[in-house]
> 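Pasting a structure here, questions to come.
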Number of protein chains: 2
Amino acid sequence: MALFLSTFMNKLDKKGRVSVPASFRLVLSGQSFQGIVAFRSYKFPAIEGMGLDRMQRLSESVDQLDLFSETQEDLTTSIFADAQMLGFDGDGRIVLPQILLDHAKIAERVAFVGQGATFQIWNPEAFEAHQNEARKRVQEKQATLKLRGDHA
Amino acid sequence: MALFLSTFMNKLDKKGRVSVPASFRLVLSGQSFQGIVAFRSYKFPAIEGMGLDRMQRLSESVDQLDLFSETQEDLTTSIFADAQMLGFDGDGRIVLPQILLDHAKIAERVAFVGQGATFQIWNPEAFEAHQNEARKRVQEKQATLKLRGDHA
DNA sequence: CAGATTATCCCATTGAATCCCATAATTACC
DNA sequence: GGTAATTATGGGATTCAATGGGATAATCTG
């Protein structure tokens, strides 16, 4: 399996640790850095999470752009400067830094939300509301997913 | 790991030394020169930092521009002439020369800011303001980083 | 060349991050 | 439905990074 799927609820302990869901850890198990990279979403009160390999690919993409464009600067400052490398402890837990907790308004319970190639970390109540909104919008638009390479 | 990620706040001591974050040192640990190369940013009141290997690549890129063009002259003068090689002491610290401190208006506290393949050194307050601006612009533009070779 | 100043090396301290083990809860499997 | 294996959680012990300061070496200056 190589996709982050489903939603998992775990708890923050007093030291600020949370278990990363076992299935998410499995997705990352092939990577050299055993842990996740996390940064504040600039669209939602949530945390964006992924493996280091994806960050490296992002960096390579950025290197191709104009070396001195403003957009590139803004993106690296919003993403790389904000990103935290959070390594697993021996039991598959990470420590979420305060700045991320504040941004996502996470206190006790933590929702790990699969997004395919990446995942998000939410306050459970906030995520539920967000998900309801999303489902409503999809329904209204009758949005359809076009499958790549599918000519049906 | 080969990326400069996250932002770290360290302190200048009376002798003008700062610890380079351990994770940044790890990125540079494979290089022959154990230290960083630093020069004044010409866009921000900040210091640009990187490993010597990247400077060498930068040199090659500049070489591909028109020889003797005004742009090339300006770049080499702004970057290579200004660059300082700052070696680590036994504890992973460097001494920031006065001309760099002045340019970045750094007094006591120092922010090391990851930018992927490179990093920056800022006055913490100045950086916070700068990052907020960058995040706002990214949000407004709905800018996203496209992954190379990713057709999603 | 002597004295003064600056830079480099080395070690001590502290506080935070990490490791390690114990227990509880959940899931999978006979 | 009971047992084993995996996963989640809690807390003590240990390690390591950041920092401060003294000692030694190099440089400048008159």
Side-chain angles (χ1 to χ4, degrees), chain A residues 1 4-29 31-38 47 49 52 83-102 106-114 119 121-124, chain B residues 1 4-29 33-38 49 84-102 106-114 119 121-124 127:
Chain A
M1 192 215 330
F4 299 104
L5 294 180
S6 188
T7 296
F8 300 88
M9 303 288 194
N10 286 333
K11 274 205 306 190
L12 264 193
D13 68 17
K14 291 169 198 164
K15 293 183 178 177
R17 298 176 299 190
V18 234
S19 288
V20 173
S23 71
F24 284 21
R25 269 149 40 202
L26 193 64
V27 176
L28 301 168
S29 58
Q31 305 202 7
S32 55
F33 170 61
Q34 279 305 293
I36 72 168
V37 177
I47 302 166
L52 183 61
Q84 317 251 353
M85 294 185 56
L86 310 176
F88 298 139
D89 70 11
D91 305 303
R93 289 176 290 193
I94 56 172
V95 182
L96 287 174
Q98 195 59 45
I99 187 168
L100 295 184
L101 295 177
D102 289 347
I106 290 171
E108 174 121 3
R109 287 159 54 68
V110 182
F112 285 84
V113 180
F119 59 93
I121 303 173
W122 283 79
N123 170 307
Chain B
M1 191 231 321
F4 298 104
L5 291 183
S6 192
T7 296
F8 300 89
M9 304 289 197
N10 286 335
K11 277 205 303 190
L12 267 192
D13 67 17
K14 292 168 196 165
K15 297 180 182 178
R17 299 175 299 188
V18 234
S19 289
V20 174
S23 73
F24 284 21
R25 268 149 43 203
L26 193 64
V27 175
L28 301 168
S29 60
F33 170 61
Q34 280 304 293
I36 72 169
V37 177
Q84 318 240 3
M85 293 182 60
L86 310 176
F88 298 140
D89 71 10
D91 302 305
R93 289 177 288 197
I94 56 173
V95 179
L96 288 173
Q98 194 60 44
I99 187 169
L100 296 183
L101 294 177
D102 289 347
I106 290 171
E108 174 123 3
R109 285 158 53 69
V110 183
F112 286 84
V113 179
F119 60 93
I121 303 174
W122 284 77
N123 170 306
F127 175 67

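Predicted, not measured: the structure shown is a model, and the values here were computed from it. Note on naming: letters A, B, ... go to the chains in the order of the sequence lines (proteins, then strands), and numbering restarts at 1 for each one.
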> Kindly point out which of D/dA18, D/dA8, D/dG20 is positioned nearest to the side chain of B/Asp13?
D/dG20
> To the nearest angstrom, how far is B/Met9 atom CE from C/dA16 atom P?
16 Å
> Could I get the full list of ring-ring contact (aromatic ring centres under 6.0 Å, His included) partners for B/Phe33, not counting sequence neighbours?
none
> Between B/Asp91 (side chain only) and B/Arg93 (backbone N and O only), is there a donor and an acceptor less than 3.5 Å apart?
no
> Could you tell me whether the side chain of A/Gln34 and the main chain of A/Leu28 form a donor-acceptor pair under 3.5 Å?
yes
> In whole angstrom, give the distance that lies between atom CG of B/Leu12 and atom P of D/dA18.
14 Å
> Are the aromatic ring centres of B/Phe112 and B/Phe8 under 6.0 angstrom apart?
no
> Taking all heavy atoms of A/Asn10 and all of A/Ser19, pick out the closest pair and write down the distance.
ND2-O, 2.8 Å
> Let me have a per-nucleotide readout for nucleotides 18-26 of chain C, 5' to 3', with B, S or -, counting only protein heavy atoms under 4.0 Å.
BBBB-----
> Can you tell if the side chain of A/Leu86 reaches within under 4.5 Å of the side chain of A/Pro97, non-hydrogen atoms only?
yes
> Can you check the A/Glu108 CD to D/dT9 C1' distance for me, whole Å?
12 Å
> By the definition side-chain contact (heavy atoms from CB on, under 4.5 Å), identify the one residue from A/Ile99, A/Val37, A/Leu96, A/Ile36 that meets it with A/Gln84.
A/Ile99
> Over all strands shown, is B/Val110 touching base, sugar-phosphate only, or nothing at heavy-atom distances under 4.0 angstrom?
nothing
> How large an angle, rounded to 10°, do the end axes of the helix from C/dC1-D/dG30 to C/dC30-D/dG1 enclose when each is built from five base pairs?
40°
> Could you state the NZ-P distance from A/Lys14 to C/dA17, rounded to the nearest angstrom?
18 Å
> Please report the closest heavy-atom contact between A/Leu12 and A/Ile106, naming both atoms and the distance.
CD1-CG2, 4.2 Å
